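Have a look at the structure below before the remarks.
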Number of protein chains: 2
Amino acid sequence: MGLVWGIDRGPRDPDHEGGPVSRATLADVARLAGVSPSTVSLTFSGSGPVSAATRERVLTAAAELGYSGPDPLARSLRRGTSGVVGVITGGELAAHFRDPVAIRTLDGIADTLGAHDLGMLLIRVNNGGEGVDLATRAAMDAAIFLRSVDGADEILQALTRRGTPVVLMESALPGAASVTMTDEEGMAELGARVLALGHTRIAVVTLPWGRERRRGLRHGLDAAADAATYRFTRDRMTGLARAGVRPTAVYETCGSLVEEGFEAAKALLDVPPNERPTAIIALSDLLAAGVVLAARELGLSIPLDLSVTGFDGVDLPWLAPDVIDSVEQPVARKGQLAGEMAVAMMRGEPPASVELGVWPRAGTTLGPVPESRSSAEAG
Amino acid sequence: MGLVWGIDRGPRDPDHEGGPVSRATLADVARLAGVSPSTVSLTFSGSGPVSAATRERVLTAAAELGYSGPDPLARSLRRGTSGVVGVITGGELAAHFRDPVAIRTLDGIADTLGAHDLGMLLIRVNNGGEGVDLATRAAMDAAIFLRSVDGADEILQALTRRGTPVVLMESALPGAASVTMTDEEGMAELGARVLALGHTRIAVVTLPWGRERRRGLRHGLDAAADAATYRFTRDRMTGLARAGVRPTAVYETCGSLVEEGFEAAKALLDVPPNERPTAIIALSDLLAAGVVLAARELGLSIPLDLSVTGFDGVDLPWLAPDVIDSVEQPVARKGQLAGEMAVAMMRGEPPASVELGVWPRAGTTLGPVPESRSSAEAG
DNA sequence: TTGTAAGCGTTATCAG
DNA sequence: CTGATAACGCTTACAA
């Protein structure tokens with residue numbers, strides 16, 4: 001092939017003299033089939049009128065040369081699209097895919113992208129800045145930001161300047177689409193339910209407040225809501241405060257894990273009986289499950305001795321017979337929606353913002369509510 | 001800019017006359033900075049010698065034009081690489097990301113790819129063939145197949161012809177790298193431990209045998225091992241048979257889920273006490289956990305009334321105080337290894353095949369072994 | 001240290 | 001229905 005000086009693309013078996021040094025291209029197929037490159041292109045894309053005979057000849061030539069369709073890279077450049085949507089994750093998710101909520105969100109995104117025949121480019125950005133480079137250099141037709149990503153600003157800016165549509169989850173920014181949830185309202189409603197039961201000694205087990213992880217007792221809920229930089233944590237604590245919950249103890253954990261909830265409960269319940277909380281509000285279901293397990297171990301009956309609530313609406317079959325009283329989040333829907341927004345923007349539609357509602361879900365760990373107070377009053 | 005007839009790339013705000021219709025390119029930056037395109041390229045790639053003054057001028061021009069680095073598509077075409085590794089998943093994983101083993105594998109892959117600044121393109125191929133097209137058309141420098149993928153052959157062929165390196169997990173093929181695990185041996189060892197305890201009435205709770213999902217009792221283990229088309233299922237059952245386990249009952253489930261194990265155990269244990277199995281071997285930890293929960297509910301003491309074993313070595317803190325006797329798999333390592341293989345092949349190294357060992361892990365659900373028999377005799 | 005030039009492998013347009 | 005042509009936006013060997 002007319003290669004005079006060649007391009008260095010690493011070792012390609014140079015002393016192999018019979019076979020082609022580089023892969024067959026569309027032009028090679030055209031030559032062998034005795035047609036023009038455009039005809040070959042049309043044959044493979046299926047988008048143009050090609051006579052059966054010609055198509056046959058092209059396909060034969062392709063098979064002979066071991067040509068398996070247009071090169072994705074060249075096609076992408078020419079068409080200006082890559083067929084790939086970037087999903088950029090940070091924080092916890094970067095280290096482990098373990099959070100069931102994140103997993104379900106990803107699943108929702110994958111649903112939508114799969115249905116549109118789009119690839120999902122997963123980019124983990126960790127605190128060290130690994131991934132930022134990739135996120136700004138990778139080819140993608142749109143990007144979805146999952147949770148708060150630490151190097152987000154830089155990435156966001158690069159993408160925006162390049163005109164790549166961006167969908168933000170759990171945060172909003174002009175120019176970008178966003179999907180958020182009414183965590184605060186949902187938690188306020190759940191808090192109201194707890195208060196309606198007449199509990200006075202209420203403890204709260206929280207998610208991490210910010211990037212640095214510290215485990216232990218904290219003082220006051222309002223201060224906590226202010227101090228927390230993580231949106232989930234802040235919104236949910238604010239919701240509790242708004243509902244009028246004044247906890248006797250607040251315990252910060254290092255993450256949404258069963259073990260963390262277990263430890264927190266052990267600490268909170270290891271006090272004289274008359275000081276012991278009668279209700280523990282956990283900011284996630286996994287934490288709540290840990291609380292339930294700790295209570296079981298201490299011989300406390302749920303919900304008679306202790307009411308427990310969570311957040312997320314995750315399915316925990318192994319906690320049977322208990323089912324956490326929680327706040328249901330349409331997480332998969334959220335992911336699908338984010339995917340749909342990305343697709344819409346790729347088509348040129350303007351960015352939209354959607355807020356999905358969350359709602360309390362009755363379980364077995366809260367106990368019966370004496371008086372029905374379903375709608376929480378704001379204020 | 002010199003666009004006369006233009007290319008239709010969808011709506012781009014055509015009546016906006018002041019601003020640039022298309023994004024600024026490297027050439028535009030060069031023109032504004034008064035340097036040649038190659039200089040701009042060198043400036044951004046950082047790979048060539050550029051004087052501080054020139055670099056400054058280029059960066060200023062870029063900022064002015066809102067240019068944020070070379071277009072990924074063009075760069076990819078020119079360099080011949082995309083910086084992306086495809087991870088192709090099928091079967092169960094396609095529908096849900098829920099399997100903890102798969103998740104840990106993905107995590108391992110992500111570790112390695114992240115460290116090499118490579119993107120991870122997740123492609124789900126479902127039974128309907130969705131994703132096959134994408135897998136053959138997407139740009140990737142290497143591909144990793146997770147588990148058995150239904151349309152795999154077609155994808156594999158296309159990738160191979162294109163010269164894309166392929167890493168197979170849990171299967172092997174000439175020309176492709178592969179990483180597998182010694183499931184059969186591991187299970188044989190675990191089976192030997194069960195037999196060493198003197199159990200005679202042993203039941204087995206299996207993973208799905210093949211694509212079609214049927215739940216219920218089956219007859220015989222050898223027949224089962226033959227009938228199973230899913231590799232995990234087949235290998236583990238073969239291992240049991242090899243160890244000499246002759247189960248009194250075999251129960252097929254629809255998936256590795258706690259609920260499935262629970263149901264299976266209920267069915268297996270709902271017989272007259274003198275026919276009841278004294279040991280249940282589950283082919284996954286999640287299934288085993290379901291068995292433990294069912295046994296608890298029936299008031300059976302573990303391991304006194306019933307020995308239980310699993311497979312995978314997954315952490316299940318919520319099952320405390322019980323810890324499943326299981327077979328530990330270095331799953332994350334497996335993922336990392338697959339990533340490393342992909343990277344190596346991208347560098348031109350020949351495909352390698354690695355088999356990772358698995359080993360029994362002692363828990364609390366099997367009971368003490370009277371006589372130590374650590375090495376299983378084959379045959 | 002910087003500029004020149006030759007593509008990378010396609011596809012969209014338009015003419016035949 | 002098919003062919004010629006002109007990009008897509010960038011990188012790199014080599015010359016200056």
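Small disclaimer: the values here were computed from a predicted structure and weren't measured. Naming convention: chains lettered A, B, ... in sequence-line order (proteins, then strands); numbering from 1 in each chain.
Residues B:Ser76 and B:Ser82 have side chains that never bring a donor and an acceptor to within less than 3.5 angstrom of each other. A:Ser36 and A:Ser38 share a donor-acceptor pair across their side chains, judged by distance under 3.5 Å alone.
Residues B:Ala74 and B:Thr39 each lie close to DNA chain C; by heavy-atom proximity, the contact nearer the 5' end of the strand is made by B:Thr39. Positionally, the nearest nucleotide of DNA chain D for A:Ala52 lies more toward the 5' end than for the other of A:Ala52 and A:Ser38.
As a whole-Å value, the separation of A:Arg137 CZ from D:dT11 C1' is 14 Å. If you measure from atom CG of A:Leu42 to atom P of C:dG9, you get 20 Å, rounded to the nearest angstrom. B:Arg31 places its CZ atom 14 Å from the C1' atom of D:dC10, with the value rounded to the nearest Å. As a whole-Å value, the separation of A:Leu77 CG from C:dG7 P is 17 Å. The CZ atom of A:Arg79 sits 16 Å away from the C1' atom of D:dA7 (whole-angstrom rounding). One can place CZ of A:Arg23 at 16 Å from P of C:dC8, the figure rounded to the nearest angstrom. For B:Phe44 and D:dC10, the CZ to P distance is 9 Å, given to the nearest whole Å. Distance, B:Asp71 CG to C:dC8 P: 19 Å, rounded to whole Å.
Not one side-chain nitrogen or oxygen of B:Thr25 sits closer than 4.0 Å to the OP1 or OP2 atom of D:dG9.
The base of C:dT10 does not come close enough to the side chain of A:Arg75 for any donor and acceptor atom to sit less than 3.5 Å apart. A donor-acceptor contact under 3.5 Å is not formed by the side chain of A:Arg78 with the base of C:dT10.
Between B:Glu64 and B:Leu32 the shortest side-chain heavy-atom distance falls below 4.5 Å. Contact of the B:Phe145 side chain with the B:Leu159 side chain is registered, since non-hydrogen atoms from C-beta on lie closer than 4.5 Å. The side-chain heavy atoms of A:Val354 and A:Met341, taken from C-beta on, include a pair separated by under 4.5 Å. With a 4.5 Å cut-off on side-chain heavy atoms, B:Val29 and B:Val35 do not count as touching. Residues B:Leu113 and B:Met120 are in side-chain contact: their nearest non-hydrogen atoms beyond the backbone lie under 4.5 Å apart.
Side chain of B:Pro49, nearest nucleotide from C:dT2, D:dC10, D:dG3: C:dT2.
The only member of B:Arg333, B:Lys334, B:Glu340 that meets side chain to side chain donor-acceptor pair (under 3.5 Å) when paired with B:Gln336 is B:Arg333.
Residues from residues 53-60 of chain A with heavy atoms under 4.0 angstrom of DNA chain C: there are none.
Taking the C1' atoms of five terminal pairs at each end of the helix from C:dT1-D:dA16 to C:dG16-D:dC1, the two resulting helix axes are inclined by 30°, rounded to 10°.
Look at B:Asp111 and A:Arg124 and you find a salt bridge, because one of the NZ, NE, NH1 or NH2 atoms lies within 4.0 Å of a carboxylate O, short of that distance.
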